[in-house]
Amino acid sequence: MDMKSVESKWQAKWEKNKQNVFNKKNADKKWYVLEMFSYPSAANLHVGHWYNYGPTDSYARFKKMQGYEVFQPMGFDSFGLPAENYAIKTGVHPQDSTEKNIATMERQLRNMGAMFDWSAEIITSHEDYYKWTQWLFLQLYKKGLAYRKEALVNWCPSCETVLANEQVIDNKCERCSSQVLRKDMTQWFFKITDYAEELLDDLDTIDWPEKTKLMQKNWIGKSTGCEINFECETGDTITVFTTRPDTVFGVNYIVIAPEHPLVEKLKEAHPEKAEEIEAYVLYAASANDIDRLSTGREKTGVFSGAYATHPLTGKQVPVYLADYVLYSYGTGAVMAVAAHDERDFEFAKKYNLPITQVIQKQGGETVLPFTEDGILVNSGSFDGLFGDEARDAIALHLSKIGKGCKKVNYRLRDWSVSRQRYWGAPIPVVHCEKCGVVPVPEKDLPVKLPYDVEFRPTGKSPLAGHEGFMNCTCPKCGANAKRDPDTLDTFVCSSWYYLRYPESNNEKQAFSKEIADKMLPVDVYVGGSEHACMHLLYARFITKALRDMGYISFSEPFKRLVHQGIILGPDGNRMSKSRGNVVSPDKYVGEYGSDIFRLYLMFGFSYTEGGPWNDDGIKSIAKFVDRVERLVRKSTELPANKAELGKAEKELDYVKNYAVKNITRDVEMFSFNTSLARLMEYVNALQKYDNEVAEKNGAFYKACVEDLIRMLAPFAPHLSEELWEIVGKKTSVFEEDYPVCNEAALVKAETEYAVQVNSKIKTKMMIAEGLSDEEVIELVKANSDVAPLLEGKSIKKAIVVKGRLVNLIVG
RNA sequence: GCCGAAGUGGUGGAAUGGCAGACGCGACGGACUCAAAAUCCGUUGUUGGUGACAACGUGUGGGUUCAAGUCCCACCUUCGGCACCA
């Protein structure tokens with residue numbers, strides 16, 4: 001069969017019949033299947049796209065044949081850094097390259113033959129989409145969930161530009177190799193931390209991979225502890241957060257992060273140290289968080305010259321700056337208990353600070369640093385208390401004397417959404433000298449991204465240099481004002497797109513409550529696990545925020561989540577141009593067509609695992625397809641005669657129903673390789689029983705072949721349509737129901753049991769269904785292979801696993 | 001470093017704590033053919049044995065269990081993420 005022409009024939013028919021367009025009349029039977037949309041890169045569709053979209057489309061088609069009204073949209077996450085970098089390098093405008101890439105990818109995606117509803121397409125860099133991204137920003141602002149604060153960015157002093165983490169290699173700028181610095185800048189943030197607790201709790205309500213939920217849980221990083229106040233000699237209060245208030249009597253020193261605001265005051269208080277402190281702050285600015293938190297890294301720090309007063313003992317403890325404390329976590333200051341914390345211990349050793357043991361191991365020798373729970377010693381009236389009891393007592397005491405309180409802390413940080421870049425959605429606020437920050441009125445959206453912008457680095461955000469864009473009037477007072485020169489993080493665009501799809505053409509609003517509540521949550525969301533902590537958390541946050549603003553009624557955007565694996569290069573490494581191991585799907589699609597390539601992707605890999613590319617099996621899929629075609633064509637030549645169903649028919653029926661049952665279960669689990677294995681078994685059976693059955697019972701055989709086509713349809717959509725036509729049908733096979741297992745066909749009189757003696761397999765036996773355990777044991781004991789092994793021995797225990805195995809323990 | 005995974009024949013991969021290797025690829029043998037291709041039928045974890053069969057076998061080392069690829073502990077290797085790649 002010429003797959004190319006078959007594929008274009010059916011794609012054209014589907015298009016003409018609007019077969020893949022969601023039918024709103026059937027919305028009560030909706031099934032929203034969503035694949036993470038892609039970034040439009042310059043290259044053709046990647047194996048990864050095919051691997052994500054092909055099998056998921058088979059899942060979607062399967063649900064359609066189960067009677068669901070499937071909504072499977074597609075779009076492009078088209079703002080972002082790569083287009084801008086490409087523009088800086090080549091001079092091609094990001095909009096031009098992006099549009100070109102989208103056109104190519106769209107064409108290729110159409111050729112895949114997936115049932116994407118293209119009428120719902122969205123492109124995040126188009127005005128009609130980013131207008132609503134800006135609207136979303138304004139809603140968050142109104143609700144107090146968007147605010148400005150200073151935050152650190154990677155700054156290349158030579159390029160005079162902010163660098164993405166990706167552009168920083170070994171602390172050097174990837175373009176010019178200058179040392180990268182961390183610089184403070186005023187940026188917009190979304191207050192995702194307000195939702196930390198709910199984001200954590202609601203993980204229990206969604207059907208997501210456990211590992212993903214665990215990663216989010218750890219990312220949110222809830223810890224219960226205590227804030228404790230130390231009075232600094234400068235007159236300021238240093239508040240520390242600790243999960244171990246039980247160790248408070250062992251505090252040897254205080255450490256503040258080099259970015260802590262108190263640093264300035266400390267320099268004033270101890271001018272003799274100012275130079276040293278400044279040098280250290282500069283040094284700390286050159287390291288990233290990962291390095292700073294690494295326990296394997298040599299600890300560094302500097303004494304500020306100042307002391308703080310211990311709230312319980314009144315002792316003076318030195319205040320240090322050290323970069324192993326992050327300003328972004330907790331209060332940016334810790335109480336260091338060298339005896340009971342590994343990093344503090346290491347630091348104290350290095351700087352010859354005292355180490356005071358205040359916890360003793362229960363029953364056993366205490367080796368420092370001892371970080372487990374233990375019995376308090378050297379802790380005044382708290383001596384003898386243990387673990388939680390000690391923590392509670394000390395926290396209570398601290399709050400009584402006004403020196404501290406219990407506190408829940410999260411590792412999660414607020415979401416920084418400002419980007420000093422061109423290719424993104426402009427932030428819809430105006431800065432007025434008189435009125436300050438003024439949001440752009442909704443009726444004035446979109447704040448259009450101008451085309452004629454100098455996007456090469458100049459030391460400022462690219463938009464800052466565009467006067468036509470920057471100069472505006474204050475919506476409040478009418479005076480001259482300036483727009484915000486920054487654009488939004490692309491994660492903002494992708495944090496709400498699932499809401500837009502069902503109403504991509506709605507010009508009046510981002511989405512309507514009525515339709516959103518009907519169409520969402522997404523029933524199955526499919527995408528890579530690399531998004532576990534960021535995109536997937538942002539989307540959950542935005543959903544909750546919109547719910548609280550009354551725009552929607554549900555709390556979670558994605559009811560179920562599936563991660564596809566990653567297809568690696570043939571060498572087992574991640575595909576990359578620099579490694580030269582990129583596999584192009586074009587070659588295979590050109591040679592075999594979309595159906596065969598998709599079948600191979602489903603059959604050759606475990607969907608959620610992925611693995612190194614290898615095309616050994618692709619030919620065999622082509623052979624399989626040929627076999628199916630021959631079998632179908634041959635069946636059309638048979639007379640439709642009927643005869644009584646014999647043993648052969650029953651066996652064939654068994655294999656068919658077994659396949660149907662397993663495929664139905666496995667597709668639901670995205671286990672496509674085993675689904676196809678069962679389908680192959682059925683094809684093998686059809687072929688094996690071919691002559692015997694077909695000749696005397698043509699009607700039966702034809703019905704079996706029709707079921708085969710129905711069963712194959714979600715996996716090889718074009719081929720199945722063609723075969724359906726070959727057997728004389730005038731309608732689309734996707735209007736058919738997926739076959740349902742007839743359980744009666746699977747009932748067998750006897751089952752094979754594995755027989756073990758002392759847990760070793762000795763023989764196998766066919767045993768009738770419905771016997772009691774005792775009857776089964778008697779049959780096994782009487783078996784000619786088993787009986788000699790039991791001679792002169794007694795049975796100490798007998799285990800019967802119904803329908804599977806018998807194990808006799810003898811001695 | 002921290003968080004999260006993965007490791008099974010020559011190979012891709014199957015196995016609700018219950019017969020390890022389903023279904024394929026490859027290899028080997030056979031049928032068809034002048035021959036080849038295609039197709040069809042067998043065999044195929046390793047070792048020993050003519051054989052029935054036996055022993056061993058799921059990254060490494062321990063453990064729990066009548067029974068462990070699966071559960072627990074420790075370790076090794078590889079992969080994903082670590083907040084401005086998306």
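Keep in mind it's a predicted model, so treat the numbers as computed, not measured. Each chain gets a letter, A, B and so on, in the order the sequences are listed, and its residues count up from 1.
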>> Ignoring hydrogens and geometry beyond distance, is a side-chain donor-acceptor pair present between A/N101 and A/Y39 at under 3.5 Å?
In response: no
>> Please determine whether a side-chain nitrogen or oxygen atom of A/N684 lies at a distance below 4.0 Å from atom OP1 or OP2 of B/G24.
In response: yes
> Looking at side-chain heavy atoms only, is the closest gap between A/I621 and A/Y592 below 4.5 Å?
Replying inline: no
>> Taking the P atom in each of B/G62 and B/A86, what is the distance between them to the nearest angstrom?
In response: 49 Å
> Considering only B/A22, B/A86, B/C84, which nucleotide approaches the side chain of A/L81 most closely?
Replying inline: B/A86
Any N/O pairs under 3.5 Å between the protein and nucleotides 12-16 of chain B? List them or say none.
from	atom 1	to	atom 2	distance (Å)
B/G12	O2'	A/G604	O	2.1
B/G13	OP1	A/G610	O	3.3
B/G13	O3'	A/N673	ND2	2.9
B/A14	OP1	A/S606	OG	3.0
B/A14	OP1	A/N673	ND2	3.0
B/A14	O5'	A/N673	ND2	3.3
B/U16	O4	A/R804	NE	3.3

>> I'd like to check A/W415 versus A/S495 (side-chain heavy atoms, cut-off strictly below 4.5 Å). Are they in contact?
In response: yes
> With sugar-phosphate meaning primed atoms plus P, OP1 and OP2, does A/V162 contact a base, only sugar-phosphate, or nothing at under 4.0 Å between heavy atoms?
Replying inline: base
>> Using the C1' atom as the point on both nucleotides, what is the distance between B/G51 and B/C41, in whole Å?
In response: 25 Å
> Relative to each other, are the rings of A/Y658 and A/Y654 parallel, tilted or perpendicular (30° and 60° limits)?
Replying inline: parallel
>> Is A/T490 close enough to B/A86 that one of its side-chain N or O atoms is under 4.0 Å from OP1 or OP2 there?
In response: yes
>> Using heavy-atom distances to pick each residue's nearest nucleotide on RNA chain B, tell me which of A/L214 and A/L568 is more 5'.
In response: A/L214
>> I want to check one thing: is the phosphate of B/G1, taken as OP1 and OP2, less than 4.0 Å away from some side-chain N or O of A/R297?
In response: no
> The side chain of A/W219 lies closest to which of these nucleotides: B/C66, B/C23, B/G81?
Replying inline: B/G81
> Can we call the ring centroids of A/F558 and A/Y498 under 6.0 Å apart?
Replying inline: yes
> For atom P, what is the distance between B/U43 and B/C23, given to the nearest Å?
Replying inline: 12 Å
> How do A/S294 and A/S416 order along RNA chain B: which one's closest nucleotide is nearer the 5' end?
Replying inline: A/S294
>> What's the closest nucleotide to the side chain of A/M215 if the choices are B/A83, B/G4, B/A67?
In response: B/G4
>> Tell me whether the rings of A/F605 and A/Y600 are parallel (<30°), tilted (30 to 60°) or perpendicular (>60°).
In response: perpendicular
> Would a line drawn from the ring center of A/F672 to the ring center of A/F670 be shorter than 6.0 Å?
Replying inline: yes
> Which nucleotide, B/A22, B/A86, B/C66, lies nearest any side-chain atom of A/H531?
Replying inline: B/A86
> Between B/A83, B/C84, B/A86, which nucleotide gets closest to the side-chain atoms of A/Y39?
Replying inline: B/A86
>> By nearest atom, which of the nucleotides B/A83, B/C19, B/G18 is closest to the A/M534 side chain?
In response: B/A83
> Side chain of A/K211: nearest nucleotide among B/C40, B/G4, B/U39?
Replying inline: B/G4
> Which dot-bracket string describes RNA chain B (Watson-Crick N1-N3 plus N6-O4 or O6-N4, or G-U N1-O2 and O6-N3, all under 3.5 Å; [ ] crossing; | other strand)?
Replying inline: (((((((..(((.....[....)))((((((.......))))))((((....))))..(((((..]....))))))))))))....
>> Any base atoms under 4.0 Å from A/S328, or only sugar-phosphate, or nothing? Heavy atoms, all strands.
In response: nothing
> If we take the P atom in both B/G7 and B/A14, what is their distance in whole Å?
Replying inline: 9 Å
>> The side chain of A/D616 is closest to which nucleotide in this list: B/A55, B/G81, B/C25?
In response: B/C25
> Angle class for the A/W613/A/F597 ring planes (parallel below 30°, perpendicular above 60°, tilted otherwise)?
Replying inline: tilted
>> Can you see if the side chain of A/R630 gets near the phosphate of B/A38 - specifically, an N or O under 4.0 Å from OP1 or OP2?
In response: no
>> Quick check on B/A5: is either OP1 or OP2 less than 4.0 Å from any side-chain nitrogen or oxygen of A/K213?
In response: no
> What form does the base of B/G9 take, syn (within 90° of 0) or anti?
Replying inline: syn
>> Work out how far the C1' atom of B/C66 is from that of B/C75, and round it to whole angstrom.
In response: 29 Å
>> Side chain of A/A677, heavy atoms from C-beta onward: which of B/G1, B/G18, B/C23 has the nearest atom to it?
In response: B/C23
> Would A/W496 and A/F137 count as a close aromatic pair, with their ring centres under 6.0 Å?
Replying inline: no
>> Which nucleotide wins on minimum distance to the side chain of A/S759, given the candidates B/A67, B/G80, B/G4?
In response: B/A67
> Does A/S759 offer a backbone N or O that forms a donor-acceptor pair with the side chain of A/N807 under 3.5 Å?
Replying inline: yes
> With respect to the phosphate group of B/C19, does any side-chain polar atom (N or O) of A/Q756 fall under 4.0 Å of OP1 or OP2?
Replying inline: no
> For B/G4, does either OP1 or OP2 sit under 4.0 Å from a side-chain N or O belonging to A/N218?
Replying inline: yes
> Would you call A/I427 and A/R419 a side-chain contact if the rule is heavy atoms closer than 4.5 Å?
Replying inline: no
> Within the structure, does a side-chain N or O atom of A/R574 lie under 4.0 Å from either OP1 or OP2 of B/G80?
Replying inline: yes
